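Since the model is a prediction, treat every value here as computed from it, not as a measurement.
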Amino acid sequence: MVLTSSGDTQTSKNTLTKDYISKAIEILSNYSYDELYVLVDFVEESEECSFGSDPIDPDDPQLIGDIEIGSDLDLEEQYYALIHEVGHAILYGNQTEPDDVVLLETLAWTEGLKVVSKLGLKINELKFRDQMMHALNLYHEEIKKKVYGSS
């Protein structure tokens, strides 16, 4: 399934419709399962998002892990979180995860964007960047507290 850039994509400049985002999430979830061997689940009553390696699944031994996306996030935030977690799955699958957490998180956002581009999907660049920077800043502040103590 390929999404086109018809009128269904945007409500105004750089604003994605809920229908477009829902279809993009479906495409990205299918890609994760079919190409990366990663299952995508939406977790009720949570804002947490994660990729976890799970190489031994008796029901599907090819799966390398799963992505969980909190359903309490708004739809566009779920989409961008999924993009990010797909990036983690790619890094894990390629065994290229750096030790530095801020670098790892930055690379995951970048790898996810590569997949979006490959699949011909669209993002709202401003909202995506805001969500990415917010997440990166949280990690950066957490590290600063560990290194320098509370401020």
Side-chain angles (χ1 to χ4, degrees), residues 1-140:
M1 176 183 208
V2 174
L3 291 175
T4 62
S5 57
S6 68
D8 292 336
T9 303
Q10 300 179 333
T11 54
S12 65
K13 187 177 184 207
N14 211 17
T15 303
L16 305 176
T17 65
K18 287 186 178 190
D19 184 51
Y20 180 87
I21 295 169
S22 294
K23 289 176 185 176
I25 288 173
E26 180 182 350
I27 290 168
L28 198 51
S29 296
N30 289 339
Y31 174 85
S32 297
Y33 187 80
D34 295 339
E35 300 296 325
L36 303 176
Y37 307 109
V38 173
L39 184 64
V40 176
D41 290 316
F42 290 85
V43 180
E44 294 293 320
E45 298 180 14
S46 175
E47 290 185 356
E48 296 293 318
C49 302
S50 65
F51 166 74
S53 60
D54 187 15
I56 302 172
D57 183 341
D59 297 328
D60 195 345
Q62 289 187 313
L63 286 179
I64 66 163
D66 64 330
I67 291 172
E68 293 184 349
I69 303 294
S71 63
D72 283 359
L73 297 172
D74 76 30
L75 190 61
E76 194 163 3
E77 289 173 333
Q78 289 178 25
Y79 177 41
Y80 300 150
L82 178 57
I83 291 169
H84 173 71
E85 298 306 333
V86 164
H88 276 295
I90 290 168
L91 292 171
Y92 175 80
N94 292 337
Q95 299 179 342
T96 56
E97 292 184 313
D99 292 331
D100 181 294
V101 70
V102 175
L103 181 56
L104 169 63
E105 295 302 319
T106 303
L107 287 172
W109 287 103
T110 303
E111 288 300 319
L113 272 179
K114 288 179 187 176
V115 171
V116 166
S117 178
K118 174 180 173 180
L119 296 175
L121 299 174
K122 306 287 183 209
I123 62 167
N124 175 320
E125 290 178 4
L126 180 60
K127 286 185 178 181
F128 182 88
R129 184 175 54 247
D130 285 348
Q131 189 167 335
M132 177 183 71
M133 293 307 299
H134 174 73
L136 292 174
N137 284 330
L138 288 175
Y139 281 108
H140 179 69

Minimum heavy-atom distance T17-Y20, with the two atoms named
OG1-N, 3.0 Å
Listed partners of E111 passing salt bridge (charged side-chain N to carboxylate O under 4.0 Å, His left out), at least two apart
K114
So L113 and F128, do their side chains get closer than 4.5 Å, heavy atoms only?
yes
Counting only pairs under 3.5 Å, give me each side-chain donor-acceptor contact of residues 74-83, with atom names and distances, residues two or more places apart or in other chains.
unit_1	atom_1	unit_2	atom_2	d
D74	OD1	E76	N	3.1
D74	OD1	E77	N	2.8
E76	OE1	K127	NZ	3.2
E76	OE2	Y80	OH	2.5
E77	OE1	D74	N	3.1
Q78	NE2	S71	O	3.2
Q78	NE2	L73	O	2.9
Y79	OH	K122	O	2.8
Y80	OH	N124	N	2.8

Close side-chain approach of V86 and V38, heavy atoms under 4.5 Å:
no
Quick one: does any side-chain atom of S32 pair with a main-chain N or O of L28 as donor and acceptor, under 3.5 Å?
yes
Under the side-chain contact (heavy atoms from CB on, under 4.5 Å) test, residues paired with L136 that sit two or more places apart
E105, T106, W109, M132, M133
Residue pair I64 / G93: nearest heavy atoms and the distance that separates them
CD1-CA, 4.3 Å
Quick one, F42 with I25, criterion side-chain contact (heavy atoms from CB on, under 4.5 Å). Give me CA distance, side-chain angles, the key distance, then yes/no.
CA-CA 11 Å; F42 290 85; I25 288 173; 3.6 Å; yes
Residue list, side-chain hydrogen bond (donor to acceptor under 3.5 Å, both in side chains) with E68, at least two apart or on another chain
none
Any pair with a residue in residues 33-43 that passes salt bridge (charged side-chain N to carboxylate O under 4.0 Å, His left out), sequence neighbours left out, goes on the list, sorted by first then second residue, please.
none
For the OH atom on Y37, are there more than 12 heavy atoms of other groups (residues, nucleotides or ligands in this structure) within a distance under 6.0 Å?
no
Rounded distance [0.5 Å steps], CD1 in I69 versus OG in S50:
7.5 Å
Would you please name every residue forming a side-chain contact (heavy atoms from CB on, under 4.5 Å) with D130, sequence neighbours left out?
L126
Closest non-hydrogen atom pair, D100 against V102
OD1-N, 3.0 Å
Any chance OH of Y31 has more than 12 other-residue heavy atoms, nucleotides or ligands included, within less than 6.0 Å?
yes
